[in-house]
Amino acid sequence: MLYIEIDGKALEVEHGSTIIDAADKVGIAIPRFCYHKKLSVAANCRMCLVQVEKFNKPLPACATPVADGMKIFTRSKAAIEAQQSVMEFLLINHPLDCPICDQGGECDLQDIAVAYGTSGSRYTEEKRVVFNKNIGPLVSTDMTRCIQCTRCVRFLKEVGGMMELGMVGRGEHAEITAYVDKSVNSELSGNIIDLCPVGALTSKPYRYSARSWELTRRPSIAPHDGLGSHIEVHVKDNKVMRVLPREKESINECWLSDRDRFSYEGLNSPDRLKVPMIKHNGAWVETDWKTALEFAAGQIKDITNEHGSEALGVLVSPNSTMEEGYLAKQLAHGLNCGNVDYRLRQTDFRLDGKRVGTPWMGCNINEIEELDRILIIGSNLRNEHPLLAQRFRKAVANGAELSIVSPLDNDPLMDIAHKVIVRPNDMVNVLGQVLKAMSGLQRLSLCLPPSLNKLLEEIKVRPNTQAMAESLAGHGKQVDLVAPKVGIFLGNMALSDPRFTEMYSMAEAIGGISGAKGGILPAAANSTGMHLMGVMPNSTGMHARAMLEVPRKAYLLVNIEPELDCQHAALAKSAMEKAECVVALTAFKSQALENADVLLPIAPFTETSGTFMSMEGRVQSFTAVAKPLGECRPGWKVLRVLANTLGLQGFDYDTSEQVKDAIFGSEKPSAVVWRSLNNNLRELVEIQVNIKKAGLQRIGEVPQYESDSIVRRSPPLQKTKYNIKPMARMCAQQLAELGLIDGDNVLVKQDKGSAVLAAKLDNHVAMGCVRVAAAHEDTIGLGDLMGDITIEKLSAQDFQVYNTIIMEARA
Amino acid sequence: MLSPEAIAKIDYEITKYPTEQRQAAVMSALRIVQTERGWLSKESISDVAQYLRMPDIAAMEVASFYNMYDLAPVGKYKISICTNISCMLRDSDVIVNHLKTKLGVGFNEVTADGKFCLKEGECMGACGGAPLLIVNNHTMHEFLTPAKVDMLLEELK
Amino acid sequence: MTTPVNSYEAGKPVTTDLAGQTLLCLRTLTEENPASLESYIKLGGYSSLKRIVTEKSKATDIITAVKSSGLRGRGGAGFPTGLKWSFMPRYFDGVKYLVCNSDEGEPGTFKDRDILRYNPHQLIEGMAIAAYTLGARVGYNYIHGEIWQDYDIFEAALHEAKAAGYLGENLFGTNFSFDLYAVHGYGAYICGEETALIESIEGKKGQPRFKPPFPASYGVFGKPTNVNNTESYASIPWIMQHGAEAFAANGVPNSGGTKLFSVSGHVEKPGNYEVKMGMPFKELLELSGGIWKGRKLKAVIPGGPSTAVMPASAIMGATMDYDGLSKAGSSLGAGSMIVMDDSTCMVKTLQRLSYFFYEESCGQCTPCREGTGWVYRVITRIVNGQGKMEDLDLLTSVSNNISGRTICALGEAAATPVLSFIKHFRPEFEYYIQHGKSMVESKTQDTNMEHQ
Ligand SMILES: Cc1cc2nc3c(=O)[nH]c(=O)nc-3n(C[C@H](O)[C@H](O)[C@H](O)COP(=O)(O)O)c2cc1C
Ligand code: SF4
Ligand code: FES
């Protein structure tokens, strides 16, 4: 501990702190622009100059480490003179166009100029003008306002993992820019808006739509990935104008992914369903709630009365709230129907009933940073969990070794120590190799169940998996560790794979040997919560896939667009077509709900209260930030009234809190969660390691800006470079094997369905695989996300024919 | 695409640094490519960046920071003349004017025939030979007089 | 060899008149082919390196010798070299680096170039001795981009030295290894600043780093690094060969040895003069042939523009050493004497210098980036006849606001000319502002101020 004095205040600070850290801790404000606690120290703005006893020059507080006995003066004559002179310099070339600047009212430059500057300028020469850059659909630039603090540059490089902005030129001509005419493509790019202390980088969608003082700020929870990021929703006239991060160090720190930041634009989509609608003679008719609910209840009752309660299938989006999920489940159970599920993008359900508890990520989000060895299985991290990827990036920057087993070789923007890129089917064998190699390295292998040991006999360890195993065991490229902190995680591609059970079992065994933390990284905001509540089939019920394979007579859909949100688009579509009645609770009108019979408008997360449980098991409730649009009602209320209308008992909830209490049995949620989260298996499932599979396999990723109905409707996100039409992406070798070249038109077939796509060279895809994006209207004819697929080259003539057919079908 | 000759030269420069520090060779690599191609287009800069496995923008930062890289065409001969204090005191103005009149261009302009471009340079670390100029970055001519400039231009024709 | 000519045209090095000089760093100049390995070896070159390495001399003894030689950093700051060497961490797990700063680009400075082209092996030997002393495995010599032909000469000398067994692995059969490479700048004065230079070696823009940490703990690729000027390293072999006392005796107390003075501007024979520290200015002026065309001395910038300008009266009585010049109101800097005669307009000269600092500011920190442009614009306004009397105070105030508030010392360097020119030649500035034209009938300096 060091003893110092700031402005006469004596304090004790840790070794290695800087003056600004020390001052911040005791609430002494030192002005700053370039300094940011999460970024490297640049010390270039010079705004934080303070006087330090025994030094004849002022020192930058952000970069100066404290020394014992240091006496610091932040408001002495020398300090003030220095601060004022820097402020003067900063303003001489600044346009001073606050009245037309979006940053007005929340601008560090404006605030600090008032507090630390002088009035009037001595500068009468010409001001510098900087040309604007177009860096994409999300961030708008006004580079004349830039004060070259380089926060944005440092953020993209250090946190985003890719240097997309730089300061080119030098001296007064130095400008912040992307490479020539490139845009900034980081999936975390919106954070540079928050970081920019002036109005040089502002939100493009929000541009000129409101002044900061007109906005009401309300806290909420991000509704897309499983992180549970804290957000602040800014509302004007009951309309969401923008979304910003709310600082939560242990979850999202002070960041937000672009998806969480810009998806709100989807809330204001013209697709929003404002009144209940009923299909009448093939045409949609607006109606009132009473009629709609009675119609829906009547249909469900009739069908279940006639065909038995199993004739109903209830499908719930994992992006729905716990309250919605719970009531949907209760409603099904009330009707004696066990067909309820949230796992829409899963094919392999062999682990049902074999689990000890609720599967989760297996550790806390902030623990990722401390890991020494990491194995990620079947995940395109940046696509699935952009902010979580950033935590892994930090771990790797801290020296962790990252191993990857995946069918996709996408750059996670961090160093990879070991990777094996193979077909999904072969991932099992690869994991088996790692397991076998590890059991050779560690005595703990004795713990492996004999059945597994036997399976491993037939496996041959290769040098790359041997190396991966050694890394996980603590051997290292830089340093060897005796007891490394290991984390093993399974991502979306593993979760939707038909051999998920094998991958999971292997991962668990590897984890057992290496003493790893970890688990699954489920895709949606409330996946873990849905599992915890058991929004899943009971022992006699059908899981999500079965409900589509063996179509039900009636469906109750909560917050989903079937062919976009389900694992098997074609099956989902035909099941809905065949059903006698489809009741859809939805916030949007949708092409994908054309086969529904009644649409009940429910409120998206901003217009309802509710709870999400994140993948680390955090139960986070939020309240509405705006009033429901039109006749919209919170989903939990609609389900309650629907249940009432169905004549079911025990649905007398007046508030969402009462529903939540019911979920947790009036226990503390954390206690329930603590008891429930568990990745262990009760018993091992019969698995096979070596299944030879010929033929191509599809990798059906859900692109990050197609992940749910809100995101799909956000125009700025749709304009990013991530929104490209699905193509049949293959590596060069695979293209050659099929006699294709980049750009050829191909007919892609899965089961009975097909799609006409362009072939695309993508060397990130494993041999034997075709990457075809899902959740897109161009591929709704296809089947399983991860499944067999065939490809044929189309002649120009055939292409014409197919195209006309498709066009007609769409019209 | 970098030429095999350029790659060979760049590879030599890379040997000067630890293996994981390829980027360190960027100054040389840009110089090598510029010497070969006459100037650095954005494609040239990205070629270099890719070869050294560094972000394009980081290579651009370097290319735009140092004066001797040309981010626009400079004709066949770039003549950079120092006008800094020691040269100025030795009448570099006379040489500059002479060049301007002879070539019919001002600073940063290329002659109509694409042959010459005139650039104003900062101190070249050779003030003892003032006034002086450099042709295409690598050949210095010192103790200039208008007559010597004429001879030089004649040689370069 | 009295008339300086373009060395490359003559095919053979020609420099200033050697009479009156004391050649230590440039000792090979007396030889027919000074840059060659043979010439250097003939003068005892590489013998010290061999002795030190094979006898396994103690690093602390070498450092003590360098300290007592009185050698101070020749790059401008004059920091005692032996003391700097003692800051290098002795025990470090990994590669330590040695860097030579041959990026001289401060107007009026051109001494290192002559070492590179006339005596490269002495520099190589000096660096090798330093590497041995400091435990550095790899060295870089960063050479100013504009003197490309000298870069080639130096790189050729490196290959020669390596072939002869003075560089590379296991020198003289011992376990001492040292690799030395030539690397180059490409037109950025700021890379002379040692941390900017390090960034540049790493393949980045030359933006100075905030210090601490100093290069001795965090230098090239984040490893401990010693940075010295070319002339500093080149002095080492002589010290090792002839002894620290002999070296010190060539100078005066507190300024040991000889010093290369780069004399430019209005003298008859501009060029480098290696003379004993403490030589009276008058003598040095005589060596360089006196004022050009018999005109009268007006002012001298004694150590490069980052040192204060001195009116004739102040410099005439001064001696050329650290204390002598500081007593006379300026400093030795890098020994770059810019001589101005009475035909020089100080306003336009200051304009040119302020343009230089404006143009060469790296743009990283606010006071320098914004302030240098401001200063340049105000002076330009004065030169264009639109000056106001208040501008002089404004210039002083803005310069003071830059100085001492920046990341590197370019801030001070940019402020010094403004402050010293106005201090010593204020009437000339006032005259210019009042009359809209210069007090000095200067035929030159008029045409080229249309800087981009
Ligand atoms: C703006 C600026 C320019 C500099 N230019 C040079 C230079 O060209 N050559 C040099 O040796 N040192 C230069 N220096 C000084 C170096 O930073 C450093 O102090 C020096 O290389 C150390 O070597 P020495 O101790 O042997 O003098 C410069 C410093 C500053 C602030
Ligand atoms: S003082 Fe100037 S040159 Fe030095 S870091 Fe700051 S901006 Fe760059
Ligand atoms: S905040 Fe310290 S220099 Fe910018």
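Proximity to chain B (any heavy atom under 4.5 Å) is shown, for C/E199, by neither the backbone nor the side chain. Proximity to chain B is limited to the backbone of C/T109, based on heavy atoms less than 4.5 angstrom apart. Proximity to chain B (any heavy atom under 4.5 Å) is restricted, for C/I301, to the side chain, taken from C-beta onward. Using a 4.5 Å cut-off between heavy atoms, C/L353 contacts chain B through its side chain alone, with no backbone atom that close. The contact between C/E202 and chain B is made entirely by backbone atoms, counting heavy-atom distances below 4.5 Å.
The shortest heavy-atom contact between C/V183 and B/K16 is CG1-CD, 4.3 Å. Between C/E268 and B/R90, the closest heavy-atom pair is O-NH2, 4.4 Å. Taking both residues in full, the closest heavy atoms of C/R113 and B/G125 are given as CD-O, 3.8 Å, listed atom of the first, atom of the second, then distance. Shown here for C/E146 and B/M68, the closest heavy-atom pair between the two residues is CD-SD, 3.6 Å. Annotation for B/L89 and C/V339: closest pair CD1-O, 3.6 Å, computed over non-hydrogen atoms.
Put simply, OG on B/S86 and CZ on C/R352 are 10.5 Å apart, with the number rounded to the nearest 0.5 Å.
Ring-centre distance between B/Y17 and C/Y181: not below the 6.0 Å cut-off.
Looking at B/H138, its side chain never comes within 3.5 Å of a backbone N or O of C/Q149 through a donor-acceptor pair. Side chain of B/Y66 to backbone of C/G145: no donor-acceptor contact under 3.5 angstrom is found. Panel note: side chain B/E122, backbone C/E359; no donor-acceptor pair is recorded below 3.5 Å. Of the possible polar contacts, one joining the B/Q23 side chain to the C/G203 backbone as a donor-acceptor pair under 3.5 Å is found.
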